[in-house]
Amino acid sequence: MNTLFDKIWDAHVVQHVDGGPDQLYIDRLYCHEVTSPQAFDGLRARGLRCLRPEKIFCMPDHNTPTEHQDRPIEDPVSKKQVDALVANAAEFGLTHYGMNEPDNGIIHVVGPEKALSLPGMTIVCGDSHTSTHGAVGAVAFGIGTSEVEMVMASQCILQQKPKSMRIRIEGELGKGVTAKDVALFLMSRLTTSGATGYFVEYAGSAVRSLSMEGRLTLCNLSIEMGARGGFIAPDETTFAYLKGREYAPKGEAWEQAVERWKQLRSDDDAVFDREVVYDAAEIPPMITYGTNPGMGTAVCGHVPTLDEIPVEGQPSFCKALKYMDFQPGDALVGKSVDYVFLGACTNGRIEDFRAFASVVKGRKKAPGVVAWLVPGSQAVRRQIEAEGLDLVLREAGFEIRQPGCSACLAMNPDKVPAGKYCVSTSNRNFEGRQGPGSRTLLASPLTAAAAAVTGVITDPRDFLV
Amino acid sequence: MKQKFDIIESTCVPLPLENVDTDQIIPARFLKATTREESFFGENLFRDWRYHPDGTPKRDFVLNDPRYGGEILVAGRNFGSGSSREHAAWAIAGYGFKVVISSFFADIHKNNELNNFVLPVVVTPEFLAELFATIAADPQAKVRVDVPNQTVTNLSTGRSETFELNPYKKYCLMHALDDIDFLMLQKDKIEAWEARCSK
Ligand code: SF4
C-alpha cells in the first residue's frame with residue numbers, strides 16, 4: 001500500500017538519522033550559474049572534492065543573452081557568474097555545457113532531453129523548477145545553496161520526508177486546452193499554497209494522455225502550488241520519449257531498465273495524505289490577470305469581481321489589479337498586448353514551438369507586438385530548423401532567438417519595460433519578474449500565438465479548426 | 001561560525017520588537033554577493049536600522065548603544081519571518097551572536113540559524129518579558145544557556161526553563177559538526193548504499 005513517492009524515496013534512504021531527517025541518496029545534481037558559486041566556495045574552504053563528479057551536470061542558463069552568444073557577455077555581473085561556473089566545473093571535474101555549445105540550454109529542458117533524468121531517480125538542483133524532471137517518473141526537487149554543497153560533497157542530502165498528495169484529472173481535455181492550461185487551472189483552484197508541504201503525483205486519464213512535453217510543463221508548475229515537487233508514473237509515453245537518447249541505457253540494459261521502470265507505480269490501495277480529482281472537460285484555455293500564478297481564469301472569462309474574492313484576500317487582490325491596471329469584472333479578451341514571450345523551462349520545448357507555429361502559420365505578427373521566441377535548448381533550436389518551423393515563423397514575421405531563461409526572469413537583457421503587457425508562456429507573473437514594472441499574463445503557447453497575431457488577448461480556439 | 005556548544009554565559013543585546021523579518025535582518029540588496037563571508041553579512045546585520053543612508057550609525061539603535069553587548073540576542077516573538085534567505089543567519093552569526101532567545105521563531109529561519117551555529121532558544125512569553133525587564137534594569141545582567149541540559153537561566157532572578165532541541169542538531173552543535181561534516185562521516189554508509197542499490 002505504498003505510493004510511488006514512498007517507493008522512490010524509501011529506496012534512496014541511506015539511513016534515518018536518529019532524532020533527525022532522512023539521509024537521502026541523490027542520483028543527479030544539476031547546477032546553474034546563479035545558485036552554485038557559494039557551494040563551490042564552501043567545498044574549497046573545507047578542502048573537499050565532489051564525491052561523485054560523474055553525477056553532476058552544469059550549464060549556464062539564467063544570465064545567457066539570447067543574441068550574439070558567440071560574443072562575450074556585456075553585463076559584467078552576468079559574465080562573472082557564467083565565467084565562475086566554467087572555472088568551477090573545470091576545477092571540480094564536472095561536465096559543463098557552455099553557452100553557445102551544442103548541448104547548452106535551460107537545465108530543466110536539457111536534463112530530460114538528454115535522458116540525464118530517468119525514471120526512479122532522485123534529482124536535485126538549486127532551483128525551484130527542478131520539479132520539471134518529475135515528468136519522467138523521478139523524485140525531483142529544488143534545494144538551497146547549502147544543500148547543493150551538501151550533495152556535491154556527499155551525493156546525499158538530509159531531508160525530512162514530505163507528505164503525499166495525488167491530483168487526478170479524469171476525462172478528455174477540450175480543444176485548444178494544453179498542459180499549461182491544466183496547471184493554471186489547478187493553481188486557480190488550489191491557490192499558490194494549496195500543495196505546500198506535499199509532493200504531488202499527477203494521475204488520471206487526462207494526465208496519461210499528455211505527451212512528454214506536456215507532462216514536463218505540468219510538473220514544472222508544481223512548485224507554483226507550493227509543492228516540493230510533482231511527478232507522473234512512467235509509462236509507454238515515457239519509455240518511447242527516452243529510448244535512444246544520449247544517456248538512456250542501451251540494448252539489453254534498456255530492456256532491463258524498462259522492466260524495472262514498469263514497477264514504478266503507486267499500489268492500488270496506496271493511501272495519500274490528500275487527494276483531489278478534477279474533470280478535464282471543466283478546464284478551458286486559461287490566462288492570469290494578477291500577480292501570482294494562482295490568479296488565473298478562462299481566457300474567455302473576466303477578472304473576478306470583488307464579491308467573488310474572500311474578504312481576507314481582497315487587499316492583495318486590489319493591489320494586484322492596481323499593478324496590472326485592470327478593473328474587477330473586466331473582460332480579458334480584447335485587452336491589448338505589447339509583448340509575447342514563448343519559452344522558459346515551462347514552454348520552451350519543440351511541441352510548444354509547433355503549437356505556436358500552427359496558429360501563426362499563414363498569418364502575420366500584429367504590428368506593435370514585440371515577440372521573443374526563445375527555444376529552451378540548442379537541441380530544440382536545431383529541431384525547429386529541421387522541421388522547417390523557423391521558415392513558417394519567419395514568414396509570419398517572427399525570429400527565433402538563442403536558448404536560455406531569457407524574459408522568464410529577465411536576468412539577461414530581455415526585459416519587458418515598465419507598464420507593458422506581456423503574454424508569457426513562463427511560470428511566474430510576480431511584480432517585476434519580467435523587468436521592473438512589467439505586467440505578465442501567463443498563458444499557453446496557443447494563447448500566446450493568438451495574442452501575437454492579433455495584438456490583443458484572444459481565445460486560441462478561434463484559430464483552431 | 002562552526003564552534004562547539006556547551007555552556008554559554010553572557011550579557012545580552014535586547015531587541016524588544018515582534019515580527020522582526022529577514023528583510024530587516026539583512027536587506028535584499030546584500031544578496032547579490034557571490035561569496036558567503038560572514039564578516040561581510042555581519043557588518044550589514046540590521047543595516048537600515050543601524051545606519052543612516054550616508055553610513056553614519058543611528059545612535060538610538062541597540063547595536064550602537066555601548067551599554068549593551070554579548071553573544072546573546074533577545075528578541076520579540078516571531079523572529080525571522082519573511083523570506084527564507086539564509087543570508088539572515090549568516091549575518092547574525094557573522095556579527096558574533098551564538099544564541100537568539102525569543103518566544104517564537106519563524107520555521108525556516110530557525111533551521112537556518114541552527115545550520116549556521118546560532119542556537120535559537122524558545123522561551124515562554126513570561127520568561128521573555130522578565131528577561132527584557134532584567135536587561136532594562138541592568139545592562140550587565142547575564143543569562144546562562146546550558147546546551148547539554150537544554151536549560152536557559154536568567155542569572156539575575158534565577159528563573160530557569162528547559163528548551164527544545166532536536167537530538168541530531170544537539171549532537172551537531174556540541175561536536176561542532178554541520179550537516180556536511182556529518183555526511184562526510186557517513187562515507188561507509190554511502191558506499192554501502194551504492195554497492196547495494198545503484199547500478
Ligand atoms: S526558465 Fe525561468 S523558471 Fe525556468 S529555470 Fe530559467 S529562470 Fe527559472
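Excluded from the calculations below are hydrogen atoms, water molecules and symmetry mates; all remaining heavy atoms, backbone and side chain alike, are included. Protein chains get the first letters and strands the later ones, always in sequence-line order, with residue 1 at the start of each.
- Side chains of A:D18 and B:Y171 form no contact here, defined as non-hydrogen atoms less than 4.5 Å apart.
- Remark: A:Q160 CD to B:N111 CG distance equals 8.5 Å, nearest 0.5 Å.
- Of residues 154-167 of chain B, those residues lying under 4.5 Å from chain A by any heavy-atom pair are B:N166, B:P167.
- Contact count versus chain B (heavy atoms, under 4.5 Å) is highest, among A:G20, A:A84, A:S146, A:G144, for A:S146.
- Other residues, nucleotides and ligands contribute at most 12 non-hydrogen atoms within 6.0 Å of the CD atom of A:E74.
- With a threshold of 4.5 angstrom between heavy atoms, A:V34 does not approach chain B through any atom at all.
- Atom NZ of B:K4 sits in a sparse spot, with 12 or fewer heavy atoms from other residues, nucleotides or ligands closer than 6.0 Å.
- If you tally non-hydrogen atom pairs under 4.5 Å between each of A:E147, A:R52, A:Q155 and chain B, the highest count goes to A:R52.
- Under a cut-off of 6.0 angstrom, the local environment of CD in A:E252 is sparse, with at most 12 non-hydrogen atoms contributed by other residues, nucleotides or ligands.
- Under the salt bridge (Lys or Arg N to Asp or Glu O under 4.0 Å) criterion, B:E126 pairs with no residue, sequence neighbours left out.
- Residues B:Q186 and A:V14 form no side-chain contact, since every pair of their non-hydrogen atoms from C-beta on lies 4.5 Å or further apart.
- Here the OG1 atom belonging to A:T145 is positioned 7.5 Å from the CD atom belonging to B:E86, to the nearest 0.5 angstrom.
- To the nearest 0.5 Å, atoms CD (A:Q38) and CH2 (B:W90) are separated by 4.5 Å.
- Only the backbone of A:A11 comes within contact range of chain B, with heavy atoms under 4.5 Å apart.
- Heavy atoms of other residues, nucleotides or ligands lying less than 6.0 angstrom from NZ of A:K79 number 12 at most.
- If you tally non-hydrogen atom pairs under 4.5 Å between each of B:N116, B:I180, B:I190, B:N115 and chain A, the highest count goes to B:I180.
- Counting heavy atoms from C-beta on, the side chains of B:W193 and A:H12 come closer than 4.5 Å.
- Heavy atoms only, all atoms of each residue included: A:S154 and B:L183 are closest at OG-CD1, 3.4 Å.
- Residue pairs meeting the side-chain hydrogen bond (donor to acceptor under 3.5 Å, both in side chains) criterion with at least one member in residues 6-15 of chain B, sequence neighbours excluded, are B:E9-B:R144.
- Atoms OH and NE2, from B:Y168 and A:H16 in turn, are 15.0 Å apart once rounded to the nearest 0.5 Å.
- Screening residues 171-187 of chain B for salt bridge (charged side-chain N to carboxylate O under 4.0 Å, His left out), with sequence neighbours left out, gives A:R46-B:D178, A:R46-B:D181, B:K2-B:D181, B:K169-B:D179.
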